[in-house]
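First up is the structure itself, then whatever we jot down about it.
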Amino acid sequence: MTADPQQTPAGRAATAFAALHRAAEPLLLPNAWDHASARALAGQGFGAVGTTSLGVAAAAGLPDGAAATREETLRLAVALGSEPFLLSVDAEGGFSDDPDEVAGFARELYAAGAVGINLEDGLGPTARHAAKIAAVKRAAPGLFVNARTDTHWLGDGDGTLARLDAYQRAGADAVFVPGLTDLRGIETLVRHLEVPLNVLYSPGGPSVARLADVGVRRVSLGSLLYRRALGAALEAAADIRAGRPPTGTTPPYGDVAGLAAPSRTPGRAGTRTRR
């Protein structure tokens, strides 16, 4: 007798992640760039954590959005996949133009423990991105596909709705429009969509509460936390050089050291299992 996929641990995790997009409040998704940042965010009560492609790329000395970080992205997913939080992975455009190769990568992410994947179109052909989405859903049906269009990130917003419609028809579980902060424009998209809308939080844009009012179901922080962490490091170094004590929060050494996974601590055995 074949087990119901929804009743497996992986199936239950995927169902729980999807449900967060239809809860009373929008899913506020912080984005981590390494093991420590992900565990620290989960320790603050975030039940779901995403990754940021910029943070992963910059930490490795590689360009973002250039399909250069496939192995780094997968390595991070493997490191985080068995942690007790729901993991969504920013996979740029899937690191290939071939839908089957993107589907293969998505299958690896799902096997590692990820419950979601973010795929961006980079303003490439709509049909090609829709084919990637469809291929991923065939290869890993339980993986939550967040289909991103860059019409507002890289363009002037032209063609947004047509792209989003194609992506939701291809099987996307949610759609993502970074760069769009106009509440009227957001509300218009929500009215026309059948799947949840994800937007990128902007410090100068609407609050999470205002975004919720117009129907946004997921608010991502993207690379914001990584960039703020870099900014805090630079400010601290400048303060010390100027003879001032650094301000802001500094986690104790022991707390940061404690973010290491027990299975990775020398002298302790541990095995990784699929959630």
Side-chain angles (χ1 to χ4, degrees), residues 20 25-66 68-69 72-73 75-77 79-80 83 85-92 114 116 118 120 146 148 150 152-154 176-183 186 198-212 216-260:
L20 293 176
E25 299 294 330
L27 168 61
L28 178 61
L29 189 72
N31 298 79
W33 55 93
D34 61 11
H35 189 269
S37 57
R39 290 199 75 187
L41 288 166
Q44 289 297 304
F46 290 97
V49 176
T51 63
T52 161
S53 66
L54 174 64
V56 172
L62 296 169
D64 182 35
T69 57
E72 289 78 9
T73 299
R75 190 178 304 120
L76 182 58
L80 298 178
E83 293 290 339
F85 54 80
L86 302 171
L87 174 67
S88 182
V89 176
D90 182 350
E92 297 187 4
N118 193 80
E120 60 196 51
N146 192 40
R148 164 177 159 171
D150 289 304
H152 283 267
W153 193 248
L154 300 176
F176 182 24
V177 189
L180 177 60
T181 58
D182 175 64
L183 287 172
I186 292 171
N198 176 199
V199 300
L200 183 68
Y201 174 79
S202 171
S207 66
V208 174
R210 292 292 292 123
L211 292 170
V216 170
R217 303 313 310 147
R218 171 166 158 178
V219 181
S220 299
L221 299 186
S223 64
L224 177 64
L225 300 181
Y226 178 71
R227 291 182 288 114
R228 284 188 62 86
L230 284 178
L234 293 173
E235 288 176 359
D239 282 341
I240 294 169
R241 182 170 57 186
R244 299 185 298 268
T247 59
T249 301
T250 302
Y253 176 92
D255 289 357
V256 176
L259 294 173

Steps toward side-chain contact (heavy atoms from CB on, under 4.5 Å) verdict (Arg217, Leu27): CA-CA 6 Å; Arg217 303 313 310 147; Leu27 168 61; over 6 Å; no

Query raised in the report: Does some side-chain heavy atom of Leu86 sit less than 4.5 Å from a side-chain heavy atom of Leu20?
Result: yes

Taking the side chain as everything from C-beta on, heavy atoms only, tell me whether Thr73 gets closer than 4.5 Å to Ser53.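 Of all side-chain heavy-atom pairs linking Ser53 with Thr73, none is under 4.5 Å.
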
Distance-minimising heavy-atom pair for [X] and [Y]:
{"X": "Val49", "Y": "Ala32", "value": "CG1-CB, 3.9 Å"}
{"X": "Asn146", "Y": "Phe176", "value": "ND2-CB, 3.5 Å"}
{"X": "Val219", "Y": "Pro26", "value": "CG2-CB, 4.4 Å"}
{"X": "Ala77", "Y": "Val89", "value": "CB-CG2, 4.1 Å"}
{"X": "Leu76", "Y": "His35", "value": "CD1-N, 3.9 Å"}
{"X": "Phe85", "Y": "Ala38", "value": "CZ-CB, 3.9 Å"}

Ring pair (Phe, Tyr, Trp, His ring centres under 6.0 Å) filter on Tyr201, not counting sequence neighbours, yields none

- Message: Evaluate Val208 against Val216 for side-chain contact (heavy atoms from CB on, under 4.5 Å), listing each step before the verdict.
- Response: CA-CA 9 Å; Val208 174; Val216 170; over 6 Å; no

Is a side-chain N or O of [X] found less than 3.5 angstrom from the main chain of [Y], in a donor-acceptor match?
{"X": "Thr51", "Y": "Asp90", "result": "yes"}
{"X": "Arg39", "Y": "Ala260", "result": "yes"}
{"X": "Ser207", "Y": "Arg210", "result": "yes"}
{"X": "Asp34", "Y": "Ser37", "result": "yes"}

Check: Taking it one step at a time, do Val199 and Leu211 satisfy side-chain contact (heavy atoms from CB on, under 4.5 Å)?
Finding: CA-CA 9 Å; Val199 300; Leu211 292 170; 3.8 Å; yes

**Message:** Could you go through Asp64 and Val56, starting from their C-alpha distance and side-chain angles, then the distance that decides it, and tell me whether this counts as side-chain contact (heavy atoms from CB on, under 4.5 Å)?
**Reply:** CA-CA 8 Å; Asp64 182 35; Val56 172; over 6 Å; no

Side chain to side chain contact (heavy atoms under 4.5 Å, CB included) test vs Arg148 passes for just one of Asn198, Leu200, Asn118, namely Asn118

| task | Give every residue pair that meets the side chain to side chain donor-acceptor pair (under 3.5 Å) criterion with at least one member in residues 235-244, sequence neighbours excluded. | result |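 Found Asp239-Arg244.
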
